[in-house]
There are 2 protein chains.
Amino acid sequence: MPKIDNILAILWMLSSGEKITAKQISEKLEMNIRTVYRYIDTLSTSGVPIISDTGHNGGYTLLNHFIEAPLFFDFEEQTSLFHAAVFAEEAGYYGGEALNRAISKLSKHSNQEQEAKINQHFNSLEVISRFSSLSKAGFLNELELSVADGYSVKIHYDKSGEKQLKFRLVDPYRIIYWNNKWYVIGFCHLRNEIRSFRVDRIESLMPTENKFEQPENFSASDFFMNNLLPTIEDKEEITTLIITGGNRALEDICGHWFLGHYLHQRSSDQAIFLLEKDILHTYIPYLLLPYGKSIRVTEPISLKERLVEVLSELINFHQN
Amino acid sequence: MPKIDNILAILWMLSSGEKITAKQISEKLEMNIRTVYRYIDTLSTSGVPIISDTGHNGGYTLLNHFIEAPLFFDFEEQTSLFHAAVFAEEAGYYGGEALNRAISKLSKHSNQEQEAKINQHFNSLEVISRFSSLSKAGFLNELELSVADGYSVKIHYDKSGEKQLKFRLVDPYRIIYWNNKWYVIGFCHLRNEIRSFRVDRIESLMPTENKFEQPENFSASDFFMNNLLPTIEDKEEITTLIITGGNRALEDICGHWFLGHYLHQRSSDQAIFLLEKDILHTYIPYLLLPYGKSIRVTEPISLKERLVEVLSELINFHQN
DNA sequence: AACTTCCCTGACGGTAACTGTCAGGGAAGT
DNA sequence: ACTTCCCTGACAGTTACCGTCAGGGAAGTT
């Protein structure tokens, strides 16, 4: 961080009117405290009316709140903010309106040369929307407010694809974005436990005035991933799955959102996974079918048999 | 007079809105004029929108907009910028360093009250990284520079999963982010045509000093999607594909990144697609297999037969 | 009174940045 | 054609900056 940026940051901190210590400044700006003292001295010498108190409850304040330190970004910083907005848009971020406002403000604060440079680099990248017929998740804005302010919501949730008549009261803890989908995690009063809900399957949503307490030290991502991936608990049930095939197909399989978690070892022509027998026979066959003949199951034999079994069933199914 | 004092003095002079020449600045601050030019450059590079006019009646001014309305973001705008940065990070954006700088500057410009509000809303959302064993695409930074400045690159590309000894000279037109993967589109001198390359398959990359001209009115996304999705050109070859099944499976299929493009009509228990016979018999069988018995091909009969054919081949394959 | 939390300063050595000078280029106005 | 402006690179000398270490004093708490 250049010196001028840090000097201006200190100015801005002081302008907020709060008393602040040199230690706090040094931590926030990640500077040596001796440098903080120097910069304060520089600002003081330059005429900024800084008041300094020693001892307990010491720190710095400004005599008046008349100093305004301007905020500006160099072209790289601006370009990266613009690009970040594009990624958020592609994800269907609910705060798009505020984001557009911010981006608009930013774009009005460059001269022509800066603008040309920013455009040059902004246009280097194009984010293509991944096709999705899922309508933009409709209740994200309401959900976010309920999460932030801690109010329960009443929802109609369409889990099985069939209409349900029962409302659920949910304390929404957090919104999750994962694998191009939006979820909300919260305490479901209908099931009396923490659940996650796909936002695009919420049929209706009503805010309530029921205030709830957010749980402390709740890790939404831990809960979410634990529910998604059955945890491996009993070491005796672990089976080795060995798949051989071309580099490309193996690469794809090892990067699969589900199976990738169970990867144990990889070489150029084979991949070894460790997972439970249950998972092996229920999920894996269908997961492997799209790879056709570009991969082969080497072990276990039981999975090869299960594969053939599944294929036979499908033949019968599609012939009737 | 320390440098910081003079820099700030120039900034306040410009803030007055009057046009001022470098000579005037140098006299007033008793500095060499070369140093004035340097300081102006420093401020410009840092993002201060200085307008400079050469010749008679020349001099410096600040962008009017900046004087009237210094850059300021409310808590919603700030939160949305912070969230946008998280989405960019999840995508593996190459400009993360500049982005972190920008975010850092932003967070230093909040007072304590704003900060509490921003944290409250920022923590409403959590973006979970989609598992991917693909290493972060290593050459994005070099690529971006070559794209922006218009210089060819020499790459080793690993398309088939086998090592290749031949370098390719590529004029990189644009970087693409699509479906959680990074690509570069450009003119390949080896193939003498425009090609797209997956960045994680680039084995090595060397900048060159060969300057090329960016084509005008080149739409990277048009090129990219046209190559990905075979265009439907001859209306006589169009076939109707009808799939029946449960709401959930249909929903998934209609949202598929490939097949979704060909969706013609949808009801609660069936979906109708229009596409070419070729595509139908080569890609669609493998694409439908993971859905097992939750869907059924109603039309055309030829695809039902093709499905059974594929299944039979797979049985033979997996039994040996 | 002792201790802790605060602001504060000088000195040092390494090193990074800064400065003025010189030379040259281009845009805009008279 | 000339003048007034902004602009840049290169060079050598020099100055400033930074973190570390040591030390001092004021204010509050126990």
Side-chain angles (χ1 to χ4, degrees), chain A residues 1-11 13-63 74-75 110-117, chain B residues 1-11 13-14 16-64 66 101 104 112 149 209:
Chain A
M1 206 58 129
K3 182 181 176 182
I4 185 170
D5 282 353
N6 282 329
I7 290 251
L8 291 178
I10 293 177
L11 252 189
M13 286 183 201
L14 293 174
S15 296
S16 74
E18 314 284 336
K19 182 176 286 192
I20 189 167
T21 65
K23 187 175 177 188
Q24 285 169 335
I25 293 174
S26 83
E27 282 165 359
K28 192 155 189 183
L29 302 185
E30 292 175 348
M31 291 173 6
N32 190 277
I33 198 167
R34 185 66 182 87
T35 305
V36 173
Y37 291 131
R38 284 193 176 115
Y39 285 1
I40 292 288
D41 186 50
T42 299
L43 285 170
S44 268
T45 303
S46 297
V48 182
I50 296 172
I51 304 184
S52 52
D53 301 318
T54 68
H56 278 264
N57 306 313
Y60 299 114
T61 52
L62 269 190
L63 188 55
D74 65 40
F75 87 88
S110 312
N111 62 31
Q112 279 186 358
E113 187 188 352
Q114 288 164 342
E115 202 172 317
K117 215 168 199 180
Chain B
M1 206 48 146
K3 178 186 178 185
I4 190 74
D5 283 355
N6 284 332
I7 289 250
L8 290 178
I10 294 178
L11 198 54
M13 283 185 202
L14 291 173
S16 75
E18 312 283 337
K19 182 174 286 193
I20 188 167
T21 66
K23 189 174 176 187
Q24 286 168 337
I25 293 172
S26 82
E27 283 166 357
K28 190 154 192 188
L29 300 183
E30 293 175 347
M31 292 169 13
N32 186 277
I33 195 167
R34 182 69 182 85
T35 306
V36 174
Y37 290 132
R38 283 194 177 113
Y39 287 1
I40 292 289
D41 188 50
T42 299
L43 286 169
S44 247
T45 302
S46 294
V48 183
I50 296 171
I51 312 281
S52 52
D53 299 321
T54 68
H56 281 264
N57 306 311
Y60 299 113
T61 54
L62 266 189
L63 198 64
N64 268 338
F66 193 77
R101 286 201 325 261
S104 183
Q112 284 185 357
D149 298 333
E209 302 192 342

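By convention in this document, chain letters (A, B, ...) are assigned in the order of the sequence lines, proteins followed by strands, and residues within each chain are numbered from 1.
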Might you point out which heavy atoms bring A/Leu29 and A/Ala9 nearest each other, and give the distance in Å? CD2-CB, 3.9 Å
Enter the inter-axis angle for the ends of the helix from C/dA1-D/dT30 to C/dT30-D/dA1 (five pairs per end, rounded to 10°). 50°
Between D/dC11, C/dC7, D/dC6, which nucleotide gets closest to the side-chain atoms of B/Arg38? D/dC11
Interatomic distance, B/Ile20 CD1 vs D/dC5 P [rounded to whole Å]: 12 Å
Short side-chain to backbone donor-acceptor contact, A/Gln114 and A/Asn111, under 3.5 Å: yes
In whole angstrom, what separates A/Ile51's CD1 from D/dA26's P? 19 Å
Without swapping roles, check the side chain of A/Ser44 against the backbone of A/Asp41 for a donor-acceptor pair under 3.5 Å. no
Give the rounded distance in Å between these two atoms: CG of B/Asp53 and P of D/dT4. 18 Å
Over how many whole Å does the gap from B/Met31 atom CE to D/dT15 atom P extend? 17 Å
Here's a test of your reading of the structure: between A/Glu30 and A/Thr54, which maps to the more 5' nucleotide of DNA chain D? A/Glu30
Compare every heavy atom of A/Gly58 with every heavy atom of A/Thr21, then report the nearest pair and how far apart it is. CG2-O, 3.6 Å
Which nucleotide in the set D/dC11, C/dC7, D/dT20 lies at the smallest distance from any side-chain heavy atom of A/Ser52? C/dC7
If you only use heavy atoms from C-beta on, which nucleotide in C/dC8, D/dC21, C/dC12 is closest to the side chain of A/Arg34? D/dC21
Does A/Tyr39 put a side-chain nitrogen or oxygen below 4.0 Å from OP1 or OP2 of D/dC18? yes
What is the separation between atom CG on A/Asn32 and atom C1' on C/dC12, rounded to the nearest whole Å? 15 Å
Rounded to whole Å, how long is the line connecting atom CG of A/Asn57 with atom C1' of C/dT5? 9 Å
Name the closest nucleotide to the B/Thr35 side chain, picking from C/dC7, C/dT19, C/dG26. C/dT19
Nearest whole angstrom, please: distance from the C1' of C/dG29 to the NZ of B/Lys19. 12 Å
B/Tyr37 side chain, from C-beta outward: closest of C/dC7, C/dC18, D/dC7: D/dC7
Quick check: closest heavy atoms across B/Ile40 and B/Ile50, and the distance to 0.1 Å? O-CD1, 4.1 Å
Value in whole Å for how far the C1' atom of D/dC6 lies from CD of B/Gln24: 13 Å
Please find the pair of heavy atoms, one from A/Ser110 and one from B/Leu63, that lie closest to each other, and give the distance. O-CD2, 3.3 Å
Applying side-chain contact (heavy atoms from CB on, under 4.5 Å), name anything that partners B/Lys28, two or more places apart in sequence or on another chain. B/Met13
Nearest to the side chain of B/His56 - D/dT3, C/dA11, C/dC8? D/dT3
